[in-house]
Amino acid sequence: RQSNIPCSKPCSEVCIDLSHDSALPICADCDNRSKEAIGQAMTLIAPSLRAYACSSCAVQAATDLRVYGGKRFNVWGLPPNAFAPNPKSPEDLEPSRSKGQPLPVTGCSCYTKIVDRRLCTPHRVEHFLDLRFKAESMREYVLQRRGRIVCPLCQKRAGADAHKFVDDDGEKPGPLSQKTYTPHKNICYVCMGCSGIVVLDSYTHSTQFRPYTVSNPLELVKNHVHGMLD
C-alpha cells in the first residue's frame, strides 16, 4: 500500500503505528520502497539534526560522567555499564542510560525508528517530518536565546564543528612560520530531535558520521517524498 491506494499484493505484516483504526497491511515491496526513499532523506538531513559539543566537553563526555550532571539522557558510544550504580555510593546513581554503540546515520535511534520498522508510507513521512520540525524548532530556539549555535553541554562555547573539529595551535616557530592544528580525538553531539547524546572517536566520526554539504538538501528531501507518494 502506498498512500491510500492498496497495491493488492499479498502480505502478512502491518503498520506498527497504533493510530490506525484497524490493522493496515504493508507488503515488503511497499515497505522497502518507502524505507529507501526516507532513508535517503534521513541521510541528507542527519548533519542538521546535530548540536556538537565543544572540544573540552567532548572529552568530558567520553571520560567523565559528571558532565551529564545527573540528568536523564540516552547516550550512545559509552561502555554498556557506564551508568551502573555504585553499590558503595547509591546516591551517585546516574539516571542516564548507556545504549551501546552508535546506530546508523544519526548515531541515536532516530534513524532506526523511522527507517528500520514496518510503517505505511504516510506514517513514515509523518514521523520524518516531525523529527525535522523538532530539530528546526530547537535550532531556532537556541539562536534566539544565544545568538548562535553553542555547545549543548556547557552552553557557552561554540561547537567543535564551528572549528572544523581541530584546535588552532598557533604559529609554528621557524623560518617558514605556519599555523598548526590538532584534530579532536573525541567528538560528541546531541540530537536536536530526541535529545540523545552520541559520543564518538574522531576516526568513526570522519568515516561514518562526517557532516557533508549538498546544494539544496530540503529540495532533495521534497523530491524523495513526493516521488514516493506519486
Side-chain angles (χ1 to χ4, degrees), residues 42-69 71 73-79 82 96 98-99 101-111 131-132 134-218 220-221:
M42 284 286 293
T43 301
L44 290 175
I45 71 164
S48 69
L49 303 177
R50 305 170 189 163
Y52 280 94
C54 64
S55 59
S56 297
C57 286
V59 172
Q60 284 187 292
T63 60
D64 186 355
L65 298 184
R66 290 177 296 179
V67 74
Y68 300 101
K71 298 178 181 178
F73 290 110
N74 288 326
V75 186
W76 284 264
L78 295 181
S96 292
S98 178
K99 306 292 285 185
Q101 292 302 305
L103 297 174
V105 181
T106 57
C108 61
S109 60
C110 285
Y111 176 87
L131 174 64
R132 194 184 71 180
K134 288 178 182 178
E136 289 177 346
S137 298
M138 178 59 70
R139 183 176 294 275
E140 183 178 349
Y141 172 78
V142 173
L143 287 173
Q144 289 178 348
R145 290 290 302 272
R146 302 288 183 177
R148 61 173 181 164
I149 299 299
V150 295
C151 168
L153 299 181
C154 69
Q155 299 185 18
K156 296 177 181 178
R157 295 180 288 268
D161 55 325
H163 306 291
K164 299 183 179 179
F165 309 102
V166 297
D167 287 326
D168 186 346
D169 297 330
E171 291 193 1
K172 183 178 180 180
L176 299 176
S177 180
Q178 60 183 7
K179 282 192 173 184
T180 58
Y181 301 90
T182 301
H184 295 172
K185 293 182 178 180
N186 301 103
I187 308 293
C188 173
Y189 60 82
V190 175
C191 173
M192 290 186 285
C194 71
S195 298
I197 296 179
V198 181
V199 180
L200 303 162
D201 61 80
S202 59
Y203 176 79
T204 302
H205 178 256
S206 63
T207 55
Q208 298 182 34
F209 297 94
R210 184 75 176 185
Y212 59 92
T213 302
V214 293
S215 58
N216 192 339
L218 291 183
L220 289 174
V221 169

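Being a predicted model, the structure only gives us computed values, none of them experimental. Just the heavy atoms: all of them, side chains too, but no hydrogens, waters or symmetry mates, feed the values below.
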Handout entry: Validation row: Thr106, Met42 side chains within 4.5 angstrom (heavy atoms)
Key = yes

Exercise for the section: Find out whether Cys110 and Cys191 are in side-chain contact, i.e. whether some heavy atom of one side chain is under 4.5 Å from a heavy atom of the other. Expected result: yes

Handout entry: Any donor-acceptor pair under 3.5 Å from Arg139 side chain to Ser48 backbone
Key = yes

Exercise for the section: Would you mind reporting whether His184 and Ser55 have side-chain heavy atoms less than 4.5 Å apart? Expected result: yes

Completion exercise
Value for OG1 (Thr207) from CG (Asp201), rounded to nearest 0.5 Å, stands at 7.5 Å

Handout entry: Tyr52 and His205 aromatic centres sub-6.0 Å
Key = yes

Exercise for the section: Under the side-chain contact (heavy atoms from CB on, under 4.5 Å) rule, collect the residues that match up with Lys99, sequence neighbours excluded. Expected result: Asn74, Trp76, Arg97

Give every donor-acceptor pair under 3.5 Å between a side-chain atom in residues 145-154 and any protein atom, sequence neighbours left out.
from	atom 1	to	atom 2	distance (Å)
Arg145	NH1	Tyr141	OH	2.6
Arg146	NH2	Gln155	OE1	3.1
Arg148	NH2	Lys156	O	2.8

Exercise for the section: Please examine the side chains of Cys108 and Cys194, heavy atoms only from C-beta on, and report whether any two atoms are closer than 4.5 Å. Expected result: yes

Practice task
Decide yes or no for Leu49 and Leu131: does some side-chain heavy atom of the first lie under 4.5 Å from some side-chain heavy atom of the second?
Solution key: yes

Problem - Beyond-backbone contact of Val75 with Val199, side-chain heavy atoms, under 4.5 angstrom - result: yes

Fill in the blank from the handout: For Ser56, the side-chain contact (heavy atoms from CB on, under 4.5 Å) test, sequence neighbours excluded, returns Cys54, Arg157

